[in-house]
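A quick write-up on the structure given underneath.
Reckoned from all heavy atoms, side chains included, excluding hydrogens, waters and symmetry mates. Just follow the structure's listing: the first ligand is 1, and inside any ligand the first atom is 1.
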Amino acid sequence: MPIQPTTQELSFLIQKSSLGEKYSLAKLISLLERSNNFFTRKEIFYILKNLPCKNKLTVGFTGTPGAGKSSLISELCKEFLYKTVNEKVAIVAIDPSSSISGGSILGDRTRFTIPPREERIYFRSQPSQLEMGGLNPYTYHVIRVLRYFFEYVFIETVGIGQNEIEVSKIVDYSVLILQPFAGDNIQFIKSGIMEVPDCFVINKCDEKELASSSYHMLLNSLEFLKDTLNQTQIPKIYQTSVLKKIGIQELLDHIIQQKPKKDKKLEAISQLERWVKNEYGKWGLHLLQDLLNKKKFENYETSEEEFLNIINSLLQKKN
Ligand SMILES: Nc1nc2c(ncn2[C@@H]2O[C@H](COP(=O)(O)OP(=O)(O)OP(=O)(O)O)[C@@H](O)[C@H]2O)c(=O)[nH]1
Ligand SMILES: [Mg+2]
């Protein structure tokens with residue numbers, strides 16, 4: 001595949017991907033992950049616009065390192081295969097252990113036990129931009145592509161705090177996975193992210209006693225916060241064990257009942273702002289807001305192109 005594939009080649013990849021061919025999909029995603037490939041991306045989304053988008057729900061799974069996120073997602077997927085008939089799920093794992101140049105490697109941290117030839121499940125690992133597992137700059141575009149081909153897209157990221165907030169911006173539903181608490185101090189209550197997750201999971205509830213005390217500790221904290229934050233109700237808490245296969249069905253039932261709540265245009269604008277802020281700082285953000293006030297937002301690539309034209313003409317004038 002040349003650096004700049006032709007429209008025909010891209011259409012071919014997209015057609016094959018929509019028929020469930022994983023190799024073509026992997027190629028398509030790799031094209032998106034190449035940093036300097038704006039025109040290819042624009043072309044990809046232009047072609048995709050003519051296809052129906054399959055996606056019903058995008059779900060984010062975040063949580064403390066080693067809480068069992070990958071293991072739990074694997075179990076949820078196996079359950080998903082029983083529960084649904086023709087639907088498909090794509091998993092994107094943001095892998096903090098692989099380097100940017102390394103691409104998708106299945107390092108120690110990615111413990112997925114999904115049958116590799118299963119046609120209804122697609123797995124992709126993405127190197128993280130940050131040491132702790134923050135979103136890659138291309139994650140959003142990869143998710144947008146996957147939404148065309150899969151009813152469900154699951155994203156795994158490591159860490160709570162900023163990552164939790166970042167991932168919540170590109171998903172319809174956020175699940176925070178924790179391990180049973182050893183002490184009586186819930187450290188994350190201080191981190192100000194308790195209001196971000198839509199639901200909590202305490203995984204590794206293999207032992208009833210520890211599971212129950214952790215559950216009540218979390219419940220108390222959430223009730224305390226509910227009053228201080230003036231919320232009407234607290235999010236659901238699930239207790240699961242991958243080891244003993246507890247709570248998996250209930251959690252999956254709950255997840256697939258959810259409705260998409262995000263306005264995809266607002267989501268696109270927020271991701272465009274995120275990119276501009278990272279690349280050009282407050283100055284860029286100011287120019288973008290000016291542009292968005294004057295011109296109706298159509299789609300990510302159109303606004304990105306208009307923004308880059310403004311930047312280029314300003315830089316030319318300066319020289
Ligand atoms: N006892 C017990 N161990 C579990 C359970 N779920 C996962 N584990 C173990 O916990 C360890 C970490 O599991 P992972 O699924 O890799 O956890 P993770 O949260 O994805 O880890 P990172 O991606 O590295 O943050 C593995 O050794 C799993 O076998 C569970 O329900 N009970
Ligand atoms: Mg993992």
Side-chain angles (χ1 to χ4, degrees), residues 58-80 89-100 102-116 121-136 139 142-143 152-168 171 173-182 186-188 191 193 196-197 199-215 218 237-252 254-255:
T58 309
V59 186
F61 295 88
T62 48
T64 44
K69 299 177 292 296
S70 306
S71 314
L72 188 59
I73 294 172
S74 302
E75 284 310 307
L76 288 171
C77 287
K78 287 176 199 159
E79 188 61 31
F80 178 86
V89 58
I91 305 155
V92 176
I94 311 294
D95 186 352
S97 62
S98 67
S99 66
I100 296 286
S104 57
I105 59 161
L106 299 180
D108 275 342
R109 303 188 77 114
T110 355
R111 292 179 193 90
F112 283 94
T113 53
I114 292 159
I121 298 180
Y122 177 75
F123 175 83
R124 178 85 186 185
S125 170
Q126 274 210 314
S128 151
Q129 190 188 20
L130 304 165
E131 211 179 291
M132 263 308 283
L135 292 188
N136 185 304
T139 307
V142 173
I143 302 299
Y152 292 87
V153 177
F154 291 172
I155 312 170
E156 176 190 338
T157 53
V158 183
I160 53 176
Q162 196 51 39
N163 288 350
E164 172 67 27
I165 295 167
E166 282 303 322
V167 81
S168 74
V171 300
Y173 198 75
S174 289
V175 180
L176 184 63
I177 302 173
L178 304 160
Q179 321 204 33
F181 321 119
I186 302 180
Q187 150 219 350
F188 59 80
S191 62
I193 53 108
V196 177
C199 123
F200 289 80
V201 173
I202 307 171
N203 187 40
K204 304 195 186 181
C205 284
D206 318 322
E207 283 173 46
K208 271 198 175 151
E209 243 170 67
L210 188 58
S212 162
S213 69
S214 301
Y215 172 83
L218 180 59
I237 307 172
Y238 285 88
Q239 298 174 64
T240 59
S241 164
V242 173
L243 200 70
K244 295 197 172 169
K245 312 270 183 274
I246 299 170
I248 317 282
Q249 274 187 25
E250 291 82 352
L251 179 60
L252 183 73
H254 176 75
I255 289 173

Please list, in number order, the atoms of ligand 1 under 4.0 Å from a heavy atom of A67.
19 (O)

Given D206, N203, I248, identify the one with the heavy atom nearest to atom 6 (N) of ligand 1.
N203

Drop me the distance from Y173's OH to T58's OG1, to the nearest 0.5 angstrom.
14.0 Å

Heavy-atom check, side chain of D206 versus side chain of V242, under 4.5 Å:
no

With sequence neighbours left out, write down each residue that passes ring-ring contact (aromatic ring centres under 6.0 Å, His included) with Y215, or none if nothing qualifies.
none

Going by the order shown, which atoms of ligand 1 are within less than 4.0 Å of some heavy atom of S241?
31 (O)

Interatomic distance, CD@Q126 vs CD1@I94, rounded to 0.5 Å, equals 4.5 Å

From the candidates T157, V242, L178, the one that places a heavy atom nearest atom 31 (O) of ligand 1:
V242

So CG of L176 and NZ of K69: to nearest 0.5 Å the spacing works out to 9.5 Å

Looking only at distances, please establish whether an N/O atom of ligand 1 is found under 3.5 Å from an N/O atom of L72.
no

For K244, salt bridge (Lys or Arg N to Asp or Glu O under 4.0 Å) partners two or more places apart:
none

What atoms of ligand 1 come closer than 4.0 angstrom to any heavy atom of S70?
15 (O), 18 (P), 20 (O)

Separation between CG of N203 and CG of L251, rounded to the nearest 0.5 Å:
9.5 Å

Let me know which of Y122, F123, F61 forms a side-chain contact (heavy atoms from CB on, under 4.5 Å) with I91.
F123

If you count the atoms of ligand 1 from 1 in the order shown, which ones are under 4.0 Å from a heavy atom of L243?
1 (N), 30 (C), 31 (O), 32 (N)

Measure from atom 30 (C) of ligand 1 to every heavy atom in K204, K244, Q179 and give the option owning the shortest one.
K204

Filtering P65, G247, S71 for the heavy atom nearest atom 13 (O) of ligand 1 leaves S71

By atom name, which N, O or S atom of E156 is the nearest to the Mg ion (ligand 2)?
OE2

Checking heavy atoms under 4.0 Å, the part of T240 that sits near ligand 1 is neither

Has S71 got an N/O/S atom less than 2.8 Å from the Mg ion (ligand 2)?
no

In terms of side-chain heavy atoms, does T64 have a donor or acceptor partner in Q179 at a distance below 3.5 Å?
no

Look at atom 17 (O) of ligand 1 and find which of G63, S74, G68 reaches it with the closest heavy atom.
G68

